[in-house]
> 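If you scroll down you'll find the structure; I have some questions about it.
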There are 2 protein chains.
Amino acid sequence: MTLELKPVQALALWQDVVLETVRRDGPDLSSRQFAILLTVYLTSPPHTVRGLAGSLNVSKPAITRALDALGQLDLLKRKRDEADRRNVLVQRTVKGSVFLRDFADLVTSVAGRLEA
Amino acid sequence: MTLELKPVQALALWQDVVLETVRRDGPDLSSRQFAILLTVYLTSPPHTVRGLAGSLNVSKPAITRALDALGQLDLLKRKRDEADRRNVLVQRTVKGSVFLRDFADLVTSVAGRLEA
DNA sequence: CTAAACTGATCCGGGGCCGAAACGGATCTG
DNA sequence: CAGATCCGTTTCGGCCCCGGATCAGTTTAG
């Protein structure tokens, strides 16, 4: 079952979702932060700073800072790799899972009443 | 025809689209800027600073600055309201239309190969 | 015609994010 | 071992955004 989505529907969907997230006074993540969050939760581990930087085509310091911010929000956490202590493994948190599940529900809800 | 979209599909869709826009070195709009852009193009005129501020639940200076940025990118333009010269009418541009059409195509494309 | 009301823009102090470069710690290599 | 290499972090100067208060211009009310 492939997903049929016309251009005008795509824009309407995006508008409703973005508008809703802007109106709520939630965490207000940047595009990069959100991309990192989604990548960590949707692709298989391990996730390192260097790996994320390459995958997002972004500098390493940008990843470090984003991890600081996401860590402070408790949406993600760092853990030293005991096998190779140079590495830092980025891991999920309960709060992050809840956050993304809520977001997914928002999108599906908006999509549902899109073309009623 | 209503739109069926499961939570896991919603997240995958969002990830692919956000990842793609992060990787390209495009305009890199903030959430608010993007919300303004979508609102102006998808809802019926007129669009004023005050109206947008209320509709997005954001301060007026934030709207003014966002319009500065979007105007500099030529994605939107300002026009004094000749009927009531206190108002500023926010209007579309050709470049903005192209930008949003390209974005819509990206979303539909990603959605198409989502669950092939 | 003046005073009040309303519009959008600007000022201000504060905070976040940016990438290049330099840094300290861990690991590999010869 | 010591030197080179790899890792994530920190430093640095610079830029953009934030909202409350204030401003100048316009319109309305008395």
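As the structure is a prediction and not an experimental result, all values here were calculated from the model. The chains referred to below are lettered A, B, ... by the order of the sequence lines, with proteins before strands, and numbering in each begins at 1.
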> Starting at the 5' end of DNA chain C, which residue's closest nucleotide do you reach first, A:Ala83 or A:Asn57?
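Final value for this comparison: A:Asn57.
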
> Less than 6.0 angstrom separating the ring centers of B:Phe103 and B:Phe34, yes or no?
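Yes, close enough.
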
> Without decimals, in angstroms, what is the distance between B:Arg80 CZ and C:dG8 C1'?
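My rounded result for the distance is 7 Å.
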
> Reckon B:Arg50 touches a base, only the sugar-phosphate, or nothing at all at heavy-atom distances under 4.0 Å?
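Sugar-phosphate, backbone atoms only, no base.
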
> Answer yes or no: does a side-chain N or O of B:Thr48 lie under 4.0 Å from OP1 or OP2 of C:dG8?
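Affirmative; the distance criterion is met.
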
> Among the candidates D:dT27, D:dG8, C:dT27, find the nucleotide nearest to the side-chain atoms of A:Arg85.
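From the listed options, C:dT27 comes nearest.
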
> A:Lys60 or A:Ile63: which one's nearest nucleotide on DNA chain C is closer to the 5' end?
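This one resolves to A:Ile63.
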
> Give one of base, sugar-phosphate or nothing for B:Arg65, where a contact means two heavy atoms less than 4.0 Å apart.
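Answer is base: heavy atoms of B:Arg65 come under 4.0 Å of a base.
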
> Measuring to OP1 and OP2 of C:dG8, would you say a side-chain N or O of B:Thr64 lies under 4.0 angstrom away?
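No, no such contact exists.
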
> Would you say C:dG16 has OP1 or OP2 under 4.0 Å from some side-chain N or O of A:Gln33?
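Checking A:Gln33 against C:dG16: no side-chain N or O falls below 4.0 Å of OP1 or OP2.
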
> Over all strands shown, is B:Ser30 touching base, sugar-phosphate only, or nothing at heavy-atom distances under 4.0 angstrom?
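Answer is nothing: B:Ser30 stays at 4.0 Å or more from every strand.
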
> Starting the side chain at C-beta, find the nucleotide from C:dA9, D:dG19, D:dT27 nearest to B:Ser59.
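Among the listed nucleotides, the one closest to the side chain of B:Ser59 is D:dG19.
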
> Could you tell me how far apart B:Gln72 (CD) and C:dA9 (C1') are, to the nearest whole angstrom?
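Result: 16 Å.
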
> Go through C:dC18, C:dC17, D:dG19 for me and flag the one nearest to the A:Arg32 side chain.
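Comparing C:dC18, C:dC17, D:dG19 against the side chain of A:Arg32, the answer is C:dC18.
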
> State, with a plain yes or no, whether a side-chain heavy atom of B:Leu89 is found less than 4.5 Å away from one of B:Arg80.
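No, every pair of side-chain atoms sits at 4.5 Å or beyond.
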
> Counting side-chain heavy atoms from CB outward, which of C:dA26, C:dG19, C:dG8 is closest to A:Arg86?
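Shortest atom-to-atom distance from the side chain points to C:dA26.
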
> Side chain of A:Ala69: nearest nucleotide among C:dC17, C:dG19, C:dA9?
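Closest nucleotide to the A:Ala69 side chain: C:dC17.
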
> Quick one: A:Lys79 NZ to D:dC7 C1', roughly how many Å, whole number?
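After rounding, the reported distance stands at 17 Å.
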
> Between D:dC7 atom C1' and A:Glu82 atom CD, what is the distance in whole Å?
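Taking atom C1' of D:dC7 as the reference, CD of A:Glu82 is at 15 Å.
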
